[in-house]
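Down below is the structure, laid out as structure tokens.
Chain letters run A, B, ... following the sequence lines, proteins first, then strands; residues in each count from 1. These numbers were taken from a predicted model, which means no experiment stands behind them.
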Amino acid sequence: MLDPRLFRTELDFVKEQLNRRSFDFNPEYYSELEARRKDIQVKTQELQNERNSSSKAIGIAKAKGEDVQPLLDQVQHLGDELKAAETELSDIQSKMTALMEGIPNLLDQSVPNGKSEDDNLEISRWGEIPSFDFEPKDHVDLGAINKGMDFELGAKIASARFVVLNGPLARLQRAIIQLMLDTHTSEHGYSETYVPFLVNADSLRGTGQLPKFEADLFKANDDPALYLIPTAEVPVTNIVRDVIIDAKDLPLKFVCHSPCFRSEAGAYGRDVRGMIRQHQFEKVEIVQIVRPEDSAQAHEELTHHAEAILKKLKLPYRKMLLCAGDTGFSSTKTYDLEVWLPGQATYREISSCSNFKDFQARRLQARWRNPETGKPELVHTLNGSGLAAGRTLIAVMENYQDAEGRIRIPEALKPYMGGLEVIG
RNA sequence: GGAGAGUUGGCCGAGAGGCUGAAGGCGCUCCCCUGCUAAGGGAGUAUGGGUUUUAUCGCCCAUCGAGGGUUCGAAUCCCUCACUCUCCGCCA
């Protein structure tokens with residue numbers, strides 16, 4: 001959620017900034033709502049004040065043993081009037097909240113203009129694109145060998161867009177996850193957490209998935225409403241919901257492995273083949289909670305932490321700065337890391353690292369006590385995939401294949417593979 | 001799943017319809033005092049919101065697990081829900 005004060009003082013600026021995302025913001029509707037809100041809130045509070053002071057007077061009169069009937073007659077009319085005002089106020093406040101919760105974050109100055117992923121800006125490339133003296137297979141063909149990766153079985157057990165991994169490939173994915181967790185905890189200073197994979201609506205509202213993106217979620221229960229997490233970002237960032245953090249405890253850095261569940265309604269037709277876009281996938285997420293002045297620097301570092309995994313695995317990748325039109329709802333600035341997939345001869349997203357500044361923190365009421373002001377102030381939140389494990393598995397398979405369709409185990413993963421050097 | 005007991009400020013804990021946003025204690029901050037330390041004295045110490053933006057001051061509103069209700073008036077009475085603890089059952 002954006003700062004309501006910004007709307008009251010810089011309405012034109014807000015509209016202009018939201019335009020960069022092609023978000024159509026209607027300042028007239030906002031101003032009208034805000035004017036009514038003010039009007040009704042002031043009126044309601046005046047009535048409440050009147051009721052409170054009258055009631056107090058009755059209490060005092062009664063204590064003195066005076067006749068309170070005249071006073072009671074005086075407040076008679078207040079009840080209905082106040083109730084009507086309160087109803088009207090809560091009505092307009094929920095309209096206001098609905099409006100505000102549907103507005104995306106403002107973009108950082110450094111984010112380039114653009115409409116789609118085609119306008120994203122390439123920042124850097126790393127690694128050698130492998131050359132093969134044979135036609136490289138994609139992960140689906142490689143996985144079909146020994147039924148190590150079985151999409152039909154996934155469909156039988158669940159539905160389309162689920163997969164079953166068997167034997168060494170299942171272990172390889174686990175090895176990838178282990179490498180990521182170990183690297184982030186022992187080299188990058190993150191603290192490992194284990195969290196619920198079902199979350200309530202408040203948590204999803206806090207990180208920005210609700211109310212706007214319910215269609216992307218799997219709802220697992222109705223009363224109370226519980227949803228399968230689309231990313232560990234949700235439960236992990238909600239650790240600090242409604243918390244005032246001691247200044248000395250910042251930054252907080254969490255790493256968390258979890259399965260992720262995405263309904264991706266409407267996404268059918270894209271990436272139908274293989275493990276690129278699944279309803280369920282494994283991911284290691286890194287999350288930072290920082291002082292506002294530190295978030296830009298933290299964003300760079302967090303992205304480097306994700307890159308470090310690709311470097312350890314010697315997977316070629318490029319780093320993209322997302323353009324205005326491709327940057328997510330809650331983010332001010334996002335770097336995507338795209339790994340090279342020989343099977344598709346293209347770069348594909350494997351990590352997304354975002355700085356949300358105070359957008360999530362405001363929804364979460366996640367604050368820290370600023371020693372300079374002595375007051376609670378909003379923190380900044382950041383997160384990134386470090387990395388998506390399913391897609392990392394694909395990348396390892398495709399980049400480390402040989403002419404016979406076998407897969408060499410990258411050096412960094414060997415300690416986790418129990419002596420295995422080659423799969424297939 | 002069954003039975004019972006709880007949920008009050010950073011923490012402990014009083015309060016049982018009316019000058020209670022909440023006694024008292026602990027902690028913390030500032031000041032005074034005392035060779036040092038310890039002890040002592042004094043003051044302050046929730047959060048959100050409104051009041052044409054911000055800051056100061058003031059005034060006002062809301063909040064005693066959450067949401068409804070009764071009442072002129074609710075931390076206090078009633079209802080619903082959530083969570084915590086204890087015992088029993090069942091399990092990993």
For [N] and [X] - does any side-chain N or O of the residue sit under 4.0 Å from the phosphate oxygens OP1/OP2?
{"X": "A/Arg369", "N": "B/U47", "result": "yes"}
{"X": "A/Asn49", "N": "B/C60", "result": "no"}
{"X": "A/Arg8", "N": "B/G50", "result": "yes"}
{"X": "A/Asn52", "N": "B/A62", "result": "yes"}
{"X": "A/Arg367", "N": "B/G48", "result": "yes"}
{"X": "A/Arg362", "N": "B/G48", "result": "no"}

According to the Watson-Crick and G-U wobble definitions, with both distances under 3.5 Å, which nucleotide is paired to [N]?
{"N": "B/G18", "value": "B/C72"}
{"N": "B/C87", "value": "B/G2"}
{"N": "B/A92", "value": "none"}
{"N": "B/U7", "value": "B/A82"}
{"N": "B/C28", "value": "B/G44"}
{"N": "B/A55", "value": "none"}
{"N": "B/A23", "value": "none"}
{"N": "B/U34", "value": "none"}

* Asked: Taking for each residue the nucleotide of RNA chain B with the nearest heavy atom, is it A/Glu46 or A/Gly59 whose nucleotide lies nearer the 5' end?
  ->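 Result of the comparison: A/Gly59.
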* Closest nucleotide of RNA chain B for A/Arg5 versus for A/Lys64: which of these residues is on the 5' side? ->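 Looking at the nearest nucleotide for each, A/Lys64 comes out on the 5' side.
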Quick one: [X] [atom1] to [N] [atom2], roughly how many Å, whole number?
{"X": "A/Asp246", "N": "B/G27", "atom1": "CG", "atom2": "P", "value": "18 Å"}
{"X": "A/Ile92", "N": "B/G49", "atom1": "CD1", "atom2": "P", "value": "18 Å"}
{"X": "A/Glu377", "N": "B/G48", "atom1": "CD", "atom2": "C1'", "value": "15 Å"}

Output the single nucleotide from [options] whose closest atom is nearest the side chain of [X].
{"X": "A/Ile58", "options": "B/U51, B/G50, B/C72", "result": "B/C72"}
{"X": "A/Thr9", "options": "B/C72, B/U53, B/C19", "result": "B/U53"}
{"X": "A/Leu72", "options": "B/G48, B/C72, B/U51", "result": "B/C72"}
{"X": "A/Gln41", "options": "B/G18, B/U56, B/G49", "result": "B/G49"}

* To do: For the pair A/His184 (side chain) and A/Gly189 (backbone), establish whether a donor and an acceptor sit closer than 3.5 Å, ignoring hydrogens and angles.
  =>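 Judged by distance alone, no pair lies under 3.5 Å.
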* Could you tell me whether A/Lys375 contacts a base, only the sugar-phosphate backbone, or nothing, with contacts defined as non-hydrogen atoms closer than 4.0 Å? =>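 Since only primed, P, OP1 and OP2 atoms lie under 4.0 Å of A/Lys375, the category is sugar-phosphate.
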* Identify whether any heavy atom of A/Pro224 sits under 4.0 Å from a base atom; if not, whether one sits that close to sugar-phosphate; answer base, sugar-phosphate or nothing. =>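 If one applies the 4.0 Å heavy-atom cut-off, A/Pro224 turns out to touch nothing in the nucleic acid.
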* Asked: Got a donor-acceptor pair under 3.5 Å from the side chain of A/Lys62 to the base of B/G18?
  ->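 In this structure, the two groups form a donor-acceptor pair.
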Taking the [atom1] atom in each of [N] and [M], what is the distance between them to the nearest angstrom?
{"N": "B/U34", "M": "B/G49", "atom1": "C1'", "result": "47 Å"}
{"N": "B/U20", "M": "B/G13", "atom1": "C1'", "result": "16 Å"}
{"N": "B/U86", "M": "B/G44", "atom1": "C1'", "result": "41 Å"}
{"N": "B/C77", "M": "B/G15", "atom1": "P", "result": "12 Å"}
{"N": "B/U47", "M": "B/A55", "atom1": "P", "result": "15 Å"}
{"N": "B/U8", "M": "B/C64", "atom1": "C1'", "result": "4 Å"}
{"N": "B/G27", "M": "B/G10", "atom1": "C1'", "result": "8 Å"}
{"N": "B/C59", "M": "B/G69", "atom1": "P", "result": "31 Å"}

Less than 4.0 Å between a side-chain N and a carboxylate O, is that true for [Y] and [X]?
{"X": "A/Arg367", "Y": "A/Asp242", "answer": "no"}
{"X": "A/Arg408", "Y": "A/Glu421", "answer": "no"}
{"X": "A/Lys83", "Y": "A/Glu86", "answer": "no"}

* To do: Please check if atom NZ in A/Lys15 has more than 12 non-hydrogen atoms from other residues, nucleotides or ligands closer than 6.0 Å.
  =>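 Count over threshold, so yes.
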* To do: To the nearest 0.5 Å, tell me how far A/Ile92 CD1 sits from A/Arg37 CZ.
  =>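 If I round to the nearest 0.5 Å, the distance is 8.5 Å.
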* Can you list the residues that meet the ring-ring contact (aromatic ring centres under 6.0 Å, His included) rule with A/His305, with sequence neighbours excluded? ->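 For A/His305 the ring-ring contact (aromatic ring centres under 6.0 Å, His included) partners, ignoring immediate neighbours, are A/His188, A/Tyr190.
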